[in-house]
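First up is the structure itself, then whatever we jot down about it.
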Amino acid sequence: MFDTVAIVGATGAVGRIILQLLEQRNFEANNFRFLASKRSAGTTLTFQGKEYTIEELTHDAFAGCDLVIASTPDDTAAEYLPSAVKAGATVIDESGYWRMNDDVALVVPEINPEAALNAKGIIASPNCSTTQMVVALKALYDVSPVKRVIVSTYQATSGAGVQGNEDLIEGSKARLAGEDYEYKVFQHPIAFNAIPQIGSRKHEGYTSEEMKMVYETRKILGDPNIQVNPTCVRIPVWNCHSESITVETESPITPEQAREAFAAFPGIEVIDDLDASQYPMPSNCTESDAVYVGRIRRDLSHPNGLTFWCVSDNLRKGAATNAVQIAELLSKHRQPAS
Ligand code: A2P
């Protein structure tokens, strides 16, 4: 068990779910502290039945903390989290800034818990679109190594923060009323549309979101040879990312074998009955911690190919749940203070 746990970004979309999960899962620590920007400092929140004042995030704010769970923009994580490490804290970071740093562990507890347990300093939680995919890939990888992945994502507006959802709602209302709406986060109208760009242009015409899926998948699965070809698309859905995934494995995996492997893997739920029109959708997967898999079928174009559909709550397993699971793992293995 940790002595003093600080939640940084406690007022954000993911930060608020982290608080809910820590409460629901009875995460124990002697002290909790809650930090956010100057804008929120001095306001209060209730956690485990107690009222707390939100503190301003500063370089000196981490004194006495032994665990920090942070969910902030990348530049904030870049600037402040080294100060938390210097103050002696273990840091779990949701941002994208530290993930590919060689000294930082990138962890999904169902896949590489040892990386968290051996880590010194910052432990990163992967990007939401990567997390749900690697959980599903790992279930198959344990049957036969995955060599190649072709993935198309259908990503919810909640992935773009509170303002992303506001753009969806206000933009939709305006469109239905025949009025103009000035989008705050999306570069095109998201209402009644699909935008095939998430993030900035990076490598050979792929976007930053797509390249995260390439690099993070290799790091988490510990296989630098996995080939990943992603297309990331923002769609007008409030919450939950969906992914169409086709894998090529070293030896063929039948749909029946895959269904069994998915069902046996921790954190995966299978909903797969096309005849009964049963499959995962954002509407039946939201506010759940699981990764859902369905539409499992043979790849008609390749003997070693398998295709499936994967949906998960991007704010839960894609972010808050994964961070809280890492915290629970660390807490469980922590030596009691002497
Ligand atoms: P605040 O609410 O005070 O702005 P989201 O992306 O959902 O808006 O959440 C981002 C979280 O990160 C919020 O808790 C936000 O605090 C916090 N945050 C953003 N910028 C800073 C900053 N410069 N310093 C500290 N916290 C920040």
Side-chain angles (χ1 to χ4, degrees), residues 9-25 71-73 94-96 108 125-136 151-176 181 183-199 209 212-213 230-245 267-271 278-295 308-325:
T11 51
V14 172
R16 284 181 230 172
I17 297 176
I18 290 174
L19 299 198
Q20 275 174 25
L21 292 172
L22 293 173
E23 274 184 331
Q24 284 164 12
R25 296 162 77 114
S71 179
T72 66
E94 291 280 10
S95 86
V108 176
S125 188
N127 186 45
C128 44
S129 47
T130 306
T131 304
Q132 66 185 78
M133 180 176 80
V134 285
V135 169
V151 53
S152 295
T153 71
Y154 304 72
Q155 296 184 222
T157 52
S158 64
V162 174
Q163 189 62 58
N165 278 346
E166 208 163 301
D167 268 0
L168 173 63
I169 297 302
E170 296 308 318
S172 301
K173 282 192 210 160
R175 173 73 190 275
L176 289 170
Y181 173 75
Y183 284 88
K184 311 288 186 305
V185 283
F186 299 116
Q187 63 277 63
H188 300 284
I190 188 61
F192 307 98
N193 202 7
I195 305 173
Q197 177 182 0
I198 303 181
E209 183 81 358
K212 284 177 193 174
M213 295 189 83
T231 303
C232 291
V233 182
R234 186 79 67 191
I235 59 162
V237 157
W238 172 265
N239 194 36
C240 284
H241 292 347
S242 305
E243 298 179 348
S244 165
I245 302 173
I268 297 184
E269 301 279 341
V270 176
I271 308 177
Q278 294 300 308
Y279 24 71
M281 296 174 285
S283 60
N284 58 3
C285 299
T286 195
E287 292 184 26
S288 164
D289 292 322
V291 171
Y292 291 84
V293 174
R295 298 293 325 276
F308 58 97
W309 176 249
C310 175
V311 182
S312 190
D313 186 327
N314 49 297
L315 299 181
R316 292 279 198 127
K317 183 58 185 166
T321 304
N322 199 62
V324 170
Q325 286 174 326

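Using a 4.5 Å cut-off on side-chain heavy atoms (C-beta onward), W238 and I169 make contact. Between R25 and Q325, the closest side-chain pair of non-hydrogen atoms falls below 4.5 Å. Considering only heavy atoms from C-beta on, M213 comes within 4.5 Å of V151 through its side chain. Side-chain contact between P236 and S172: absent, with no pair of heavy atoms (C-beta onward) separated by less than 4.5 Å. Contact check for H241 versus T153: no side-chain heavy atoms found under the 4.5 Å cut-off. Using a 4.5 Å heavy-atom cutoff, the side chains of V108 and K317 are in contact. At least one side-chain heavy atom of V135 sits less than 4.5 Å from a side-chain heavy atom of I268.
Using a 3.5 Å distance cut-off with no hydrogens or angles, the side chains of S288 and D313 do not pair a donor with an acceptor. Side chain to side chain, E209 and S129 meet the donor-acceptor criterion of an N or O pair below 3.5 Å. Judged purely by distance below 3.5 Å, without hydrogens or angles, the side chains of Y181 and D167 pair a donor atom with an acceptor atom. T131 and N322 share no donor-acceptor pair across their side chains, judged by distance under 3.5 Å alone.
In terms of modelled atom types and a separation under 3.5 Å, the side chain of T157 and the main chain of V237 share a donor-acceptor contact. Panel note: side chain Q132, backbone C310; a donor-acceptor pair is recorded below 3.5 Å. In this structure, the side chain of Q20 does not engage the main chain of L22 through any donor-acceptor pair within 3.5 Å. Here the side chain of N165 pairs no donor or acceptor atom with the backbone of V162 at under 3.5 angstrom. For the pair S71 (side chain) and G9 (backbone), a donor-acceptor distance under 3.5 Å is absent. Side-chain atoms of T130 never come within 3.5 Å of backbone atoms of P126 as a donor-acceptor pair (strictly under, hydrogens ignored).
Nearest heavy-atom pair across V311 and S242 is CG2-OG, 3.6 Å. Across all non-hydrogen atoms, the minimal contact from A323 to S125 is N-OG, 4.1 Å. Here the closest heavy-atom approach between residue C285 and residue P280 is recorded as SG-CB, 3.7 Å. For the pair A290 and E269, the tightest heavy-atom approach, listed with the atom from each and the gap, is CB-CG, 3.6 Å.
Atoms CD1 and CD, from I190 and E170 in turn, are 15.0 Å apart once rounded to the nearest 0.5 Å. Within the model, atoms CD1 of I198 and CD of Q187 stand 9.0 Å from one another, a figure rounded to the nearest 0.5 Å. Atom CD of Q155 and atom CG of N314 lie 8.0 Å apart (nearest 0.5 Å). Note that CZ of R16 and CG of L315 are 11.0 Å apart. Values are rounded to the nearest 0.5 Å. Between F308 atom CZ and I245 atom CD1 the span is 4.0 Å, to the nearest 0.5 Å. Of the inter-residue distances, the one linking Q24 atom CD with D289 atom CG reads 8.0 Å to the nearest 0.5 angstrom.
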T286 vs N239, test: side-chain hydrogen bond (donor to acceptor under 3.5 Å, both in side chains). Steps then yes/no. CA-CA 7 Å; T286 195; N239 194 36; 2.9 Å; yes
Carefully, step by step, assess H188 and Y183 under the rule side-chain contact (heavy atoms from CB on, under 4.5 Å). CA-CA 7 Å; H188 300 284; Y183 284 88; over 6 Å; no
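For CD of E287, the number of neighbouring non-hydrogen atoms (other residues, nucleotides, ligands) closer than 6.0 Å is 12 at most.
Among the candidates Y154, Y279, Y292, the single residue satisfying the ring-ring contact (aromatic ring centres under 6.0 Å, His included) test with W309 is Y154.
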